[in-house]
Amino acid sequence: MYRRTIAIGPLAVTCMCDDRSFDALIARDYKMFLSPRHTGLPVRIMPLTSPSTDDLAVTANRRGITIARDDFHSRSDAAFTLTDLYIHRDTYSLNSWLRIFLTLAGLRRGILLVHGAGWRDGTGAWLFAGRSGAGKSTITRILGKRHALSDELTLLHHAGAGTTAYSTPFWGELQRGGEQSRRGALRGICSLRHGAAVDLTPAARPHTLRTLLSTILFFSDNAGLMRRLLATAAAITRTTPGYTLTFSRDARPASITRTLREAVA
Amino acid sequence: MTQYRRTRHIAARTIEGRAFIINTASSTLHELDECGTFLWERIPRAGDAETLAEHLIGVYEVDAGRARADTTAFLSELEHLGLIEPIHE
């Protein structure tokens, strides 16, 4: 039995499988997110022999959670003490399943996976939230991959009085530029706007909540889970200010970072 | 007078005077303005158009006929969106 633990922020998944090549795939794809401590949520991985369902189907109830698509099928008990995953042995399938699993397993711990570029420096982390085309990869390219958490999906963990942003192995256009496990205290949530001059305008909390809700990755229609998601998003916006960041494709990195730093000074 | 209640498949929260409502059955997010939020928050205690309109008149400068018409239309819209449902005794 091979074991690999993928740790993304405070959430760890311990993958167990008999297939050496699958183990090698995990080791390669999640190299910078592997933990030597195998204390994550246990997932037994087995090959999927027959197609599951064509469309993604997520079912969450008191008996447990199932995630099914044509290339994977998993079943977890309600507390995620054990998950059985039947899946095709390929990068795309595992990456897709892991994203969905994290959103469900993380919610009870105040964890959200958000469509947003994350960036951090010595003063903390920033989330640039937005769907495709909003400018996530562009702002990441301008600010540099060196301090990026992701250009596509950033993990937020709300606990106590604040929220921490974490890097993820889920990247968009920039294809895993950072590949480092990083984190930072979240200083601001920005919706992005293209304009000639760099500008950071404070946003009202409802605007920030709307931005966050429209970019959270979540797949279940379970009302209880959705209430928890809404409560977590509301808590994040209570402790983290929101802004609209205007920038152009040609903006200089220093003008953006200076503007961000001035906001938290 | 039809009594309404919030449906079970919603998640709702009011932030700075604006109600955010997620219909989990249709995966849609709805945001209400100040007046809509005022009515939304009173539906659990006064879920009919007449009573809600009276609340509205007490706070906003609006005549009774307009308040009833707007409240009835508002409830109809919420029902259409699957956010509330009539109570059948």
Side-chain angles (χ1 to χ4, degrees), chain A residues 55-62 65 67 100 103-104 107-108 110 112-116 129-131 158 163 189 191 202-243, chain B residues 2-47 52 55-56 59-60 62 70-71 73-88:
Chain A
D55 297 326
L56 175 67
V58 177
T59 310
N61 54 42
R62 288 177 185 169
I65 294 97
I67 307 171
I100 301 164
T103 64
L104 294 160
L107 188 56
R108 67 175 55 205
L112 300 175
L113 202 53
V114 182
H115 271 291
R131 293 280 181 183
H158 181 77
T163 300
I189 298 169
S191 52
R205 193 175 160 211
H207 174 89
T208 308
L209 180 60
R210 192 184 316 128
T211 300
L212 196 55
L213 287 174
S214 62
T215 51
I216 292 170
L217 196 68
F218 201 66
F219 300 90
S220 172
D221 61 358
N222 180 290
L225 293 179
M226 202 63 88
R227 288 186 193 108
R228 191 173 289 184
L229 181 148
L230 183 54
T232 303
I236 289 172
T237 61
R238 191 175 61 238
T239 53
T240 308
Y243 303 90
Chain B
T2 306
Q3 286 281 333
Y4 290 93
R5 65 184 170 201
R6 297 176 180 179
T7 54
R8 298 178 73 174
H9 50 262
I10 59 153
R13 210 160 187 94
T14 298
I15 304 295
E16 293 184 0
R18 282 183 174 270
F20 287 83
I21 310 163
I22 300 172
N23 182 339
T24 63
S26 60
S27 296
T28 49
L29 171 66
H30 304 278
E31 183 180 346
L32 303 182
D33 63 11
E34 181 193 327
C35 189
T37 301
F38 176 88
L39 293 171
W40 171 258
E41 291 187 329
R42 281 154 183 79
I43 286 173
R45 297 185 301 279
L52 286 169
H55 282 292
L56 208 57
V59 175
Y60 294 92
V62 58
D70 286 354
T71 303
F74 177 71
L75 292 173
S76 175
E77 179 70 9
L78 292 187
E79 184 182 4
H80 176 70
L81 293 171
L83 306 180
I84 61 171
E85 61 190 2
I87 301 171
H88 301 291

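Chain letters run A, B, ... following the sequence lines, proteins first and then strands; every chain starts at 1.
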**Request:** Drop me the distance from B/L29's CG to A/L230's CG, to the nearest 0.5 angstrom.
**Result:** 8.5 Å

**Item:** Over all atoms of both residues, closest heavy-atom pair of A/L213 and B/F20
**Value:** CD1-CD2, 4.0 Å

Between chain A and chain B: donor-acceptor pairs at under 3.5 Å:
residue : atom : partner : partner atom : Å
A/R210  : NE   : B/E31   : OE1          : 2.4
A/R210  : NH2  : B/E31   : OE1          : 3.2
A/R210  : NH2  : B/E31   : OE2          : 2.9
A/D221  : O    : B/T24   : OG1          : 3.3
A/R227  : NE   : B/I10   : O            : 3.0
A/R227  : NH2  : B/R8    : O            : 2.8
A/R227  : NH2  : B/I10   : O            : 2.9

**Prompt:** Between A/A233 and chain B, which part of the residue has a heavy atom less than 4.5 Å away: side chain, backbone, both or neither?
**Reply:** neither

**Fill in**
Most contact-rich option vs chain B, by heavy-atom pairs under 4.5 angstrom, among A/A204, A/A231, A/A234, is A/A231

**Asked** What part of B/I15 lies closer than 4.5 angstrom to a heavy atom of chain A: side chain, backbone, both or neither?
**Response** both

